[in-house]
Q: 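Okay, handing you the structure first.
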Amino acid sequence: MTGRGGDLAGRGLDPFGLPGWWSGLRRGGRGPDPALAGALADARDTPDGEARSTELERIAAHADATGDDRTALAARFALIEAYLLHGQRWRLVEPVRRCLATVERRPDLLAADQAEPLRRYRRYAVEALLGSPRVGLDQARAMLDDLAARAADDPAVVAELRCRIADHLGDEPTARRWYEHWSTADPGPVGGCPDCAAARRAELLAGWGDHRAALAALPDSPHGGVDCTEQPERTLVAGLLSWLRTGEPERAAEAHVRAYRRHRRERAAFPLLATHLRWCALAGHPARGVDVLAEQLPRLDRPHDDLSAMEFAAAGALVCALAVEAGLGGRTVHRPAYGVRPAAELDVATLGATLLGVATALAGSFDARNGTGHQSGRIASWLAERPAAAPVPLPPDDAADDAADDPPDDDPPDEEPRPLSLAMITAELDRRGDRYAVDDRGAVTGRWGEALIQFRQAGERGEILQARSVANRRLPADRLAEAYAFCNAWNHDRLLPKAYVHEREGELLLAGHVATDLAHGVAPAQLTVLLDAAVDTGVAYAEAVAALP
């Protein structure tokens with residue numbers, strides 16, 4: 001084995017230094033083009049962003065032109081993962097379509113454990129229709145028809161997607177017919193967490209005004225599926241407005257406070273913030289709504305998708321309108337600079353007008369694509385809502401959850417697992433006294449001794465902790481064989497980090513990589529161990545590079 005990512009397949013690693021994909025894609029046919037495999041490894045190690053996606057697209061297109069199906073498939077899998085990581089699901093349709101066409105032609109290229117992820121990607125590509133008007137109706141329907149033809153063992157996911165698309169277009173009778181199929185079908189492998197599916201059903205029913213039916217659809221004690229870290233807060237948000245409308249405002253208040261305590265800092269929770277804002281407005285807490293809006297406003301510049309941006313902006317406009325009616329129009333909210341837009345202090349009325357413009361523009365884009373006026377009408381109905389009852393007191397934000405959820409008295413809070421977040425990473429580095437910088441993509445970079453180390457979250461929900469270390473010392477390109485030998489020896493003798501070589505502009509960069517899957521959450525004490533290990537091993541690796549002759 002060698003230190004270069006493209007040559008690690010013998011150890012079951014892909015060109016990116018991660019397990020699984022490449023080892024499966026090697027089976028059958030001729031081997032991948034070594035030059036393209038190396039370019040793919042280099043692209044995977046470049047900083048996240050548009051340049052990386054562009055390079056992956058270039059590699060996939062070049063592989064198509066040369067008939068290298070393996071590399072084309074690997075590049076598009078990497079491209080799909082990059083889009084998912086950065087909330088660009090609207091871009092999934094084409095790479096997923098090309099992956100499916102390649103696998104149809106060459107089924108031997110796909111390992112058995114890769115079939116289910118590809119099915120999930122196909123679902124995400126269909127859902128992209130709901131999230132962005134940039135996806136064509138015909139594209140999504142063709143993808144859904146293909147999914148239906150291939151997913152005989154998962155009728156629930158097909159019924160769900162047909163139901164949600166009909167609802168999105170404003171065809172409630174059709175949506176209700178598919179809802180019956182969805183709610184009675186056995187869940188399949190692509191449906192995800194059953195409690196989260198129940199929450200999505202409850203949200204549909206609440207949108208149709210069936211609040212009691214929505215509450216009946218929710219699980220009594222949500223715990224999520226095996227790999228779900230979104231519960232029970234996901235279910236609590238799904239019930240917020242229905243509890244309020246059915247005469248249980250105290251329960252709704254407790255659910256809002258408990259769920260927002262978590263969602264306030266989770267990047268993946270952005271689509272749920274609109275419900276939190278609407279609840280604040282309709283429960284008679286416009287001041288809290290303005291507080292939430294001020295705290296979350298920067299996230300509107302980098303939204304999860306267009307639909308969540310539209311809903312957040314509409315809910316924010318409602319909060320501002322009710323705040324003005326309550327005499328809070330003089331409050332100001334800081335809107336940070338973004339791109340060419342300067343920072344500004346906006347009074348509540350002006351902010352509300354700005355958000356209304358964002359919401360109506362996005363709703364108009366959806367309606368233009370859909371050929372209906374449903375989304376504009378939905379936003380208008382939100383803005384016409386008013387509180388239905390007197391406000392109830394909010395429980396304190398630091399209130400203990402139900403006794404069943406409380407840790408034992410002798411069990412410190414740091415032992416409680418929670419979803420990985422940027423705040424947890426930076427808090428631990430602060431505790432260590434380290435100096436670091438955080439870029440606009442949430443990557444945390446610092447220098448420790450001879451190593452430059454970057455921590456970032458990967459995966460669909462940011463559940464994977466990745467640590468990349470790069471040695472300060474560079475080697476000349478003519479020492480490539482020596483660099484490979486060094487990385488071979490390091491990987492043979494040590495577990496962390498996995499070492500590899502990149503050649504750039506006549507120099508060799510020796511880098512290391514550590515990835516830890518934290519899908520079930522991580523306790524702060526555990527994160528301490530992981531970060532300490534990543535820093536210590538990264539520094540040791542860089543020092544070993546510095547000690548080379």
Side-chain angles (χ1 to χ4, degrees), residues 83-93 123-135 140 160-161 164-165 167-169 192 196 199-200 202-204 206-207 230 233-238 240-241 256 259-260 262-281 289 292-320 335 338 351 354-367 369-370 374-376 378-383 419 421 440-442 457 460-462:
Y83 291 158
L84 288 172
L85 178 63
H86 296 289
Q88 296 179 313
R89 291 196 177 195
W90 65 272
R91 302 178 72 175
L92 292 181
V93 175
R123 172 192 175 135
Y124 299 156
V126 176
E127 288 180 321
L129 165 80
L130 306 173
S132 175
R134 289 171 281 192
V135 178
E160 175 188 351
L161 292 172
R164 292 170 60 195
I165 289 174
D167 175 72
H168 178 80
L169 298 176
C196 292
R200 292 193 295 272
E203 289 167 347
L204 277 171
E230 297 184 21
E233 291 83 1
R234 179 72 177 82
T235 290
L236 295 178
V237 171
L240 279 182
L241 299 179
H256 160 68
Y260 185 67
R262 171 178 174 179
H263 293 155
R264 69 191 308 165
R265 292 187 177 89
E266 281 193 5
R267 177 177 57 183
F270 181 79
L272 304 177
L273 295 179
T275 304
H276 283 291
L277 288 169
R278 289 180 70 199
W279 183 87
C280 290
V292 171
L293 183 58
E295 183 176 45
Q296 302 298 337
L297 188 60
R299 297 169 71 177
L300 182 59
D301 292 323
R302 300 182 66 86
H304 182 271
D305 56 26
D306 294 322
L307 182 70
S308 60
M310 178 188 76
E311 294 182 340
F312 178 90
L318 174 62
V319 164
C320 290
R335 192 179 193 191
Y338 182 75
L351 177 60
T354 301
L355 293 174
L356 179 59
V358 172
T360 54
L362 287 170
S365 297
F366 277 110
D367 287 341
R369 190 273 312 271
N370 298 342
H374 178 65
Q375 293 302 322
S376 295
R378 190 164 70 97
I379 295 308
S381 70
W382 283 19
L383 295 170
S421 67
D440 59 0
R441 297 180 299 273
Q457 294 174 253
E460 296 169 13
R461 301 185 303 275

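Please read all numbers here as calculations on a predicted model, not as lab measurements.
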Q: What's the shortest heavy-atom distance between Ala274 and Ala315, and which atoms?
A: O-CB, 3.5 Å
Q: Quick one: closest heavy-atom pair of Phe312 and Leu300, and the distance?
A: CD2-CD1, 3.9 Å
Q: Are Arg123 and Glu160 within salt-bridge range, i.e. N to O under 4.0 Å?
A: yes
Q: List the steps, then state whether side chain to side chain contact (heavy atoms under 4.5 Å, CB included) holds for Leu318 with Leu277.
A: CA-CA 8 Å; Leu318 174 62; Leu277 288 169; over 6 Å; no
Q: Can you see which heavy atom on Met310 is nearest to which on Leu362, and at what distance?
A: N-CD1, 3.5 Å
Q: Would you check, one step at a time, whether the test side chain to side chain contact (heavy atoms under 4.5 Å, CB included) holds for Leu307 with Phe366?
A: CA-CA 9 Å; Leu307 182 70; Phe366 277 110; 4.0 Å; yes
Q: Has Arg369 got a side-chain atom pairing as donor or acceptor with Arg134's backbone, closer than 3.5 angstrom?
A: no
Q: With the side chain counted from C-beta on, respond yes when Arg335 and Asp301 share a heavy-atom pair under 4.5 Å apart, and no when they do not.
A: yes
Q: Would Arg278 and Glu311 satisfy salt bridge (Lys or Arg N to Asp or Glu O under 4.0 Å), going step by step from the backbone distance to the final call?
A: CA-CA 10 Å; Arg278 289 180 70 199; Glu311 294 182 340; over 6 Å; no
Q: Not counting sequence neighbours, which residues clear ring pair (Phe, Tyr, Trp, His ring centres under 6.0 Å) with Tyr83? List them please.
A: none
Q: Taking all non-hydrogen atoms of both residues into account, name the closest pair between Ala314 and Ile379 and its distance.
A: CB-CD1, 3.6 Å
Q: Please state whether the rings of His256 and Trp279 are parallel, tilted or perpendicular, taking 30° and 60° as the class boundaries.
A: parallel
Q: One pair to check against side chain to side chain contact (heavy atoms under 4.5 Å, CB included): Val237 and Tyr260. What are the steps and the verdict?
A: CA-CA 9 Å; Val237 171; Tyr260 185 67; over 6 Å; no
Q: Pick out which of Glu233, Arg234, Arg262 makes a side-chain contact (heavy atoms from CB on, under 4.5 Å) with Leu272.
A: Arg234
Q: Run the side chain to side chain contact (heavy atoms under 4.5 Å, CB included) test on Cys320 and Leu293 for me, step by step, so that the C-alpha distance in whole Å, both residues' side-chain angles and the decisive distance to 0.1 Å come before the verdict.
A: CA-CA 9 Å; Cys320 290; Leu293 183 58; 3.7 Å; yes
